[in-house]
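For reference, the structure discussed in these notes is given below.
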Amino acid sequence: MLRQTPASPLLSLPGAVPAEAPDEGVAAHYGDLFREQRALADGSGFVDLSHRGVVTVTGAERLSWLHLLLTQHVSDLSPGHATEALILSAHGHIEHAVSLVDDGETTWMHTEPGTQEALIAYLESMKFFYRAEVADRTDEFAVVYLPAGSIAEVPEHTVVRETPHGRDLFLPRAGLEAFAAAHGPAIGVLALEALRVEAHRPRLGLETDHRTIPHEVGWIGSAVHLQKGCYRGQETVARVHNLGKPPRRLVFLHLDGSEVHLPPHGTPVRLAADGEEGRQLGFLTTSARHHELGPIALALVKRNVPVDAPLMAGGTAAAQEVVVEP
């Protein structure tokens, strides 16, 4: 069972509506989804991600040790340089996804809500004689997201993970409410999810299932370094990259805007020409209402689905755009 982080104190802010799985514990929105999306797109506000797991690794050999376990090249990771990485099974299936940064003394990671204990258990099992110490810091630190272009002043001594999409702050939990008061407006996770879908960025547990390999969702390059040394699952990564194609591919969908309800995660995807009784060719992974594009989604479909074929997600018509090449 996943360990749930205590509910965020920011759920007491005016208009806060609690998010559903997998984002329980923070706000889905604060009363105006599209206004919140526009604020994020303009570089304003912040998103409370305090439900995410926070893990740190310290010790003189932390980076050389993590380099052996992760899909990313981190042995020479310079302080302040943000990256992302995966942990794969022996067969190359994705088990963990981490967003990380090193501050020169400590490697900081944040993970999907409730997955930090399983991540730590795996890391501990692989320590052997390396000088590295792993700790669950979720109860001490909260992740807060600032959008790209934000001019919000970051509190002194805060660890920052800066990416082209924005900045992740590892804030002491005790300072979360004070930060919110000084750097509003608070923005819910649904707005951030809509922008994530628009940017075609996958998320563990939504765009992945138990047999997903990195090639299927576009994590080659951003989270998987193809020229680094050995790690668990590397044989599958190299074989598919050099000799074949992944069995499935991520697609972006424009959904029929006349539908009242968005199709949920797991909704079967079929060829529109075959109707709702046709053969299932994949499943919808994330759907969202976007302030400019309307209803949109990501889906994982079989590689041989024609790229120009109209699709259906359940009973909702969907036009696809290529994310991962077939």
Side-chain angles (χ1 to χ4, degrees), residues 2-6 49-90 92-145 154-163 167-176 204 214 219 221-235 237:
L2 299 181
R3 182 175 77 86
Q4 295 299 320
T5 305
L49 299 179
S50 61
H51 61 317
R52 291 185 65 82
V54 176
V55 176
T56 60
V57 183
T58 55
E61 297 178 324
R62 67 189 182 281
L63 291 176
S64 58
W65 173 63
L66 287 170
H67 185 78
L68 300 174
L69 306 178
L70 303 179
T71 57
Q72 188 57 271
H73 196 299
V74 298
S75 59
D76 302 317
L77 190 66
S78 57
H81 182 82
T83 191
E84 57 183 350
L86 311 175
I87 291 176
L88 307 180
S89 73
H93 301 136
I94 302 168
E95 292 188 345
H96 293 282
V98 297
S99 301
L100 63 116
V101 68
D102 193 89
D103 66 6
E105 297 181 352
T106 301
T107 302
W108 295 77
M109 313 178 194
H110 65 81
T111 70
E112 285 298 323
T115 65
Q116 65 270 19
E117 289 186 351
L119 171 63
I120 290 171
Y122 172 71
L123 293 176
E124 290 285 357
S125 74
M126 301 300 290
K127 275 177 61 175
F128 304 113
F129 300 107
Y130 283 90
R131 290 179 294 169
E133 296 298 326
V134 182
D136 185 348
R137 310 295 295 278
T138 308
D139 291 339
E140 302 169 66
F141 289 90
V143 179
V144 169
Y145 169 82
V154 177
E156 191 176 5
H157 306 305
T158 299
V159 176
V160 179
R161 180 179 175 273
E162 186 159 3
T163 76
R167 288 177 288 171
D168 299 333
L169 313 183
F170 293 87
L171 284 178
R173 281 192 179 271
L176 185 58
L204 183 77
W219 258 328
S222 63
V224 178
H225 194 291
L226 293 173
Q227 278 74 51
K228 68 163 294 220
C230 188
Y231 54 87
R232 191 175 70 173
Q234 185 196 21
E235 295 83 359
V237 170

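Residues take their numbers from the sequence shown, with the count starting at 1. The model shown is predicted, which means the values in this text are computed figures rather than measured ones.
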What's the shortest heavy-atom distance between [X] and [Y], and which atoms?
{"X": "L119", "Y": "H96", "result": "N-CE1, 3.4 Å"}
{"X": "L123", "Y": "W65", "result": "O-CZ2, 3.2 Å"}
{"X": "M109", "Y": "F170", "result": "O-CE2, 3.8 Å"}
{"X": "D136", "Y": "Q116", "result": "OD2-CG, 3.6 Å"}
{"X": "R161", "Y": "A82", "result": "CG-CB, 3.4 Å"}
{"X": "L204", "Y": "A97", "result": "CD2-N, 3.7 Å"}

4.5 Å side-chain heavy-atom contact, [X] and [Y]:
{"X": "Y130", "Y": "L68", "result": "yes"}
{"X": "L49", "Y": "H110", "result": "no"}
{"X": "Q234", "Y": "L88", "result": "no"}
{"X": "L69", "Y": "Y122", "result": "yes"}

Could you grab the distance from atom [atom1] of [X] to atom [atom2] of [Y], nearest 0.5 Å is fine?
{"X": "E140", "Y": "L171", "atom1": "CD", "atom2": "CG", "result": "13.5 Å"}
{"X": "T163", "Y": "H81", "atom1": "OG1", "atom2": "NE2", "result": "11.0 Å"}
{"X": "T158", "Y": "F141", "atom1": "OG1", "atom2": "CZ", "result": "9.0 Å"}
{"X": "T106", "Y": "E133", "atom1": "OG1", "atom2": "CD", "result": "11.5 Å"}

* **Working for side-chain contact (heavy atoms from CB on, under 4.5 Å), residues I94 and W219** => CA-CA 10 Å; I94 302 168; W219 258 328; 3.7 Å; yes

* Could you list all the side chain to side chain donor-acceptor pair (under 3.5 Å) pairs where at least one residue sits in residues 222-233, not counting sequence neighbours? => E84-S222, E95-R232

* Is the backbone N or O of T115 less than 3.5 Å from a side-chain atom of T111, with the two atoms forming a donor-acceptor pair by type? -> no

* Are any side-chain N or O atoms of H67 and backbone N or O atoms of V74, one a donor and one an acceptor, separated by less than 3.5 Å? -> yes

Could you pull out all residues at least two apart from [X] that satisfy side chain to side chain contact (heavy atoms under 4.5 Å, CB included)?
{"X": "A135", "value": "T56, R137"}
{"X": "L63", "value": "L77, D102, T107"}
{"X": "L226", "value": "I220, V224, V237, H241"}
{"X": "A85", "value": "L70, T71, Q72, V98, L100"}

* Ionic contact status for E112 with R52, cut-off 4.0 Å ->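 Yes, this pair counts.
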
* Asked: By salt bridge (charged side-chain N to carboxylate O under 4.0 Å, His left out), which residues pair with E124, not counting sequence neighbours?
  ->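 Salt bridge (charged side-chain N to carboxylate O under 4.0 Å, His left out) check on E124 returns K127.
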
